[in-house]
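We use all heavy atoms of the structure for the numbers below, so side chains are in, but hydrogens, waters and symmetry mates are not. For ligands, and for the atoms within them, numbers begin at 1 and follow the listed sequence. Because the structure is a prediction, the values reported are computed rather than measured.
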Amino acid sequence: MEAAGAANGPKKNDDQRNNGAKIDGPTNPMVTPLLTDLYQFTMAYAYWKAGKHNERAVFDLYFRKNPFGGEYTIFAGLEDCIRFVAHFSLTEDEIAFVRATLPASCEDGFFDYLQSVDCSDIEIYSISEGSVVFPKIPLMRVEGPIAVVQLLETPFVNLINYASLVATNAARHRFVAGKSKLLLEFGLRRAQGPDGGISASKYCYMGGFDATSNVAAGRLFGIPLRGTHSHAFVSSYMSPDEILEKSLHSHDGSTVCEDFVSLVQTWLSKLKWSKQLAGIFGETNQSELAAFTSYALAFPNNFLALVDTYDVVRSGIPNFCAVALALNDLGHKALGIRLDSGDLAYLSCEARKFFHSIEKEFGVPDFGRTSITASNDLNEETLDALNKQGHEIDAFGIGTHLVTCYAQPALGVVFKLVEINNQPRIKLSEDVSKVSIPCKKRCYRLYGKEGYPLVDIITGENEPSPKVGERILCRHPFNESKRAYVVPQKVEELLKCYWSGNTDKTREDLPSIKEIRNRCIEQLEQMRPDHMRRLNPTPYKVSVSAKLYDFIHFLWLNEAPVGELQ
Ligand SMILES: Nc1ncnc2c1ncn2[C@@H]1O[C@H](COP(=O)(O)OP(=O)(O)OP(=O)(O)O)[C@@H](O)[C@H]1O
Ligand SMILES: O=P(O)(O)OC[C@H]1O[C@H](OP(=O)(O)OP(=O)(O)O)[C@H](O)[C@@H]1O
Ligand SMILES: O=C(O)c1cccnc1
Ligand SMILES: [Mg+2]
């Protein structure tokens with residue numbers, strides 16, 4: 001058998017560039033050509049054996065249903081796919097492993113072919129990362145020698161699936177929390193392994209979170225890092241006597257308070273006997289006070305205290321305030337508190353009242369606005385419930401439900417063959433939603449008069465594009481009666497070239513994570529509100545052109561055998 005793969009041109013894996021910019025390898029070193037399903041290699045062998053491996057195939061990557069009962073999804077993971085193809089090449093060791101894995105009858109020529117395999121003959125058209133996307137629309141269109149494109153299927157689906165799911169989850173949490181709240185991702189300890197944790201931090205930021213507690217993700221992606229302290233820090237203190245170094249410089253460095261611990265005690269008794277706060281608390285927990293004081297000595301300009309270790313109202317809040325007021329005497333501004341248990345709505349309102357009383361009674365400007373962070377098993381529902389009850393929380397720390405995508409653990413991303421050797425292919429199913437849309441296609445987003453996206457339309461590759469001001473018929477791909485004329489006010493082509501192998505075709509730049517996040521936030525803001533609401537959202541319309549509709553149904557009839565009744 002002849003091995004034809006070597007004709008693929010020189011490998012470019014050493015210094016991959018995109019419009020001059022170097023493309024790094026995959027973020028996770030486990031992302032290699034072996035991170036695929038065995039059947040991709042067995043099919044590659046069978047294609048090769050049949051002399052079919054270089055037949056030109058087009059695959060679409062898409063999903064069928066939006067997650068979390070919603071009507072939108074955030075597309076994420078593209079950059080990691082491009083990094084993967086840019087460096088795609090099997091090492092000798094990897095080929096030896098594949099050889100040892102496949103049946104001994106597999107011919108040597110196949111393994112010579114595997115040595116030559118790279119992505120220099122692959123073209124990838126994709127929707128931009130961070131875009132709002134919908135079911136059935138190809139998110140990526142991957143074209144190239146069939147054996148190579150199949151090897152990409154599993155890693156691509158893997159890289160897109162969780163990234164898009166968790167970015168969507170983050171966007172949904174942001175939607176419920178509101179624009180003005182600070183959203184902190186605290187999920188690393190509960191994520192599905194190290195890669196789950198790193199990916200969650202990256203894609204939650206993309207989906208609209210403000211910061212993460214995950215230090216490695218902060219370093220890798222430049223995501224802002226934020227954090228408070230834990231109950232262990234509070235309960236590790238037994239009494240104020242443990243604090244030996246008690247001096248603290250004022251904010252401007254001009255004076256030194258030699259005994260900050262006493263200053264805190266003075267403020268605590270002032271609070272206890274104050275007009276407004278009298279009777280709210282008596283003796284606070286002194287070990288908690290010691291922990292707060294010690295933390296303030298370590299971070300006088302970033303003092304944030306976890307106030308629920310012993311009793312939020314009778315101990316945590318007054319103790320925090322005593323330390324914050326002592327800091328204030330020295331010109332330092334405390335950041336705030338974190339609540340991690342109990343009724344977060346009620347406790348946040350109690351804390352706010354306390355802060356306002358202090359601002360009024362002691363004339364400390366802005367003390368009433370001291371920040372309140374809440375955490376503890378938060379999710380979309382609890383955020384929604386808190387909003388309905390009314391609360392005074394400024395920041396939410398969210399872990400488990402966010403990063404594990406507790407409400408829906410997978411997005412059903414698929415990768416389907418739509419054309420081979422210029423011949424359109426279709427996959428039929430009893431379930432209409434699973435019938436694939438054949439042909440190499442183009443996709444457009446059509447905007448209406450009010451500036452909202454109205455409909456996405458898929459056309460054949462060679463059809464003329466929709467034009468601004470020109471009426472176009474948009475048809476549901478599978479339901480004959482569902483169709484509408486649209487006169488778009490703006491037309492946006494969705495699939496853009498992100499990889500063109502070793503051709504000179506211009507490629508889109510890979511934007512920074514911040515730019516992707518901005519795109520995501522902007523696009524979400526542009527959506528019509530009824531598509532976004534949590535309860536019974538209106539589905540966004542995804543359609544095909546009249547020509548593509550006719551072709552799908554012609555091919556469907558052609559491929560489906562006619563049954564015989566007896
Ligand atoms: N006002 C509220 N409305 C609705 N849900 C709330 C409200 N306040 C807190 N919650 C949620 O209720 C749940 C309380 O959980 P749980 O009873 O396990 O915690 P807890 O007893 O308060 O604290 P701990 O985790 O220390 O045991 C959490 O999921 C929290 O997010
Ligand atoms: O609740 P999540 O959304 O996952 O957010 C992260 C949680 O992790 C931390 O405590 P941990 O859960 O480790 O301990 P605790 O709940 O017992 O305090 C933190 O205090 C949060 O409660
Ligand atoms: O910084 C925090 O408060 C934090 C970080 C991770 C998990 N829980 C809380
Ligand atoms: Mg917890």
Side-chain angles (χ1 to χ4, degrees), residues 68 165-166 169-174 176-177 181-194 196-205 207-219 223-237 285 288 291-292 294-296 298-299 301-312 315-317 320 323 334-345 347-348 351 370-387 391 393-409:
F68 310 117
L165 184 74
V166 79
N169 204 16
R172 293 182 62 85
H173 281 77
R174 163 61 71 195
V176 187
K181 302 298 172 195
L182 192 73
L183 291 186
L184 312 174
E185 177 268 310
F186 280 174
L188 180 57
R189 65 190 60 195
R190 302 278 162 64
Q192 275 96 342
I198 295 281
S199 301
S201 303
K202 175 175 181 183
Y203 295 110
C204 286
Y205 180 66
F209 269 56
D210 295 294
T212 178
S213 61
N214 179 345
V215 180
R219 175 161 186 233
I223 303 172
L225 284 170
R226 292 291 286 264
T228 70
H229 63 75
S230 77
H231 295 110
F233 183 82
V234 179
S235 47
S236 74
Y237 281 80
N285 185 304
E288 181 185 60
F292 290 179
S294 180
Y295 206 65
F299 299 106
N301 293 308
N302 296 284
F303 173 58
L304 196 152
L306 174 60
V307 294
D308 71 336
T309 306
Y310 302 115
D311 187 311
V312 174
S315 186
I317 294 175
F320 162 78
V323 177
L335 291 182
I337 59 167
R338 175 161 75 100
L339 300 166
D340 189 42
S341 58
D343 184 329
L344 300 171
L347 292 171
S348 70
T370 297
S371 167
I372 302 175
T373 300
S375 54
N376 186 26
D377 263 332
L378 294 171
N379 58 25
E380 274 189 65
E381 275 66 41
T382 45
L383 294 181
D384 192 41
L386 292 170
N387 287 344
H391 66 82
I393 299 161
D394 303 292
F396 294 100
I398 315 182
T400 312
H401 284 267
L402 177 68
V403 305
T404 66
C405 294
Y406 207 92
Q408 180 175 327

Centroid-centroid under 6.0 Å between F320 and F303 rings: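 Yes, ring centres under 6.0 Å apart.
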
Sub-6.0 Å ring centroid separation between H229 and F299: no

Where does ligand 2 get N/O contacts under 3.5 Å from the protein, atom by atom?
unit_1	atom_1	unit_2	atom_2	d
ligand 2	1 (O)	D377	N	2.7
ligand 2	3 (O)	G399	N	2.8
ligand 2	3 (O)	T400	N	3.4
ligand 2	4 (O)	R190	NH1	3.2
ligand 2	4 (O)	T400	N	2.9
ligand 2	4 (O)	T400	OG1	2.5
ligand 2	12 (O)	R190	NH1	3.3
ligand 2	12 (O)	R190	NH2	2.7
ligand 2	13 (O)	R189	NH1	2.9
ligand 2	13 (O)	R190	NH2	3.1
ligand 2	18 (O)	D340	OD2	3.2
ligand 2	20 (O)	R338	NH1	3.0
ligand 2	20 (O)	D340	OD1	3.3
ligand 2	20 (O)	D340	OD2	2.8
ligand 2	22 (O)	D340	OD1	2.7
ligand 2	22 (O)	D340	OD2	3.4

ring-ring contact (aromatic ring centres under 6.0 Å, His included) against F68, all qualifying residues, sequence neighbours excluded: none

Donor-acceptor under 3.5 Å (S294 side chain, A291 main chain):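 No, S294 side chain to A291 backbone: no donor-acceptor pair under 3.5 Å.
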
side-chain hydrogen bond (donor to acceptor under 3.5 Å, both in side chains) involving T404 - partner list, sequence neighbours excluded: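 Testing T404 for side-chain hydrogen bond (donor to acceptor under 3.5 Å, both in side chains), a comparison that skips the adjacent residues, returns none.
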
R190/D377 salt bridge by N-O under 4.0 Å criterion: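 No salt bridge links D377 with R190.
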
Closest heavy-atom pair and its distance - S235, Y310: CA-OH, 3.5 Å

Chi angles and distances behind the side chain to side chain donor-acceptor pair (under 3.5 Å) call for N169, H401: CA-CA 9 Å; N169 204 16; H401 284 267; over 6 Å; no

Shell of residues surrounding ligand 3, defined by a 4.0 angstrom heavy-atom cut-off that is strict: F186, R189, S213, G227, T228, R338

Side chain to side chain donor-acceptor pair (under 3.5 Å), paired with R338, selected from D308, N376, T228: T228

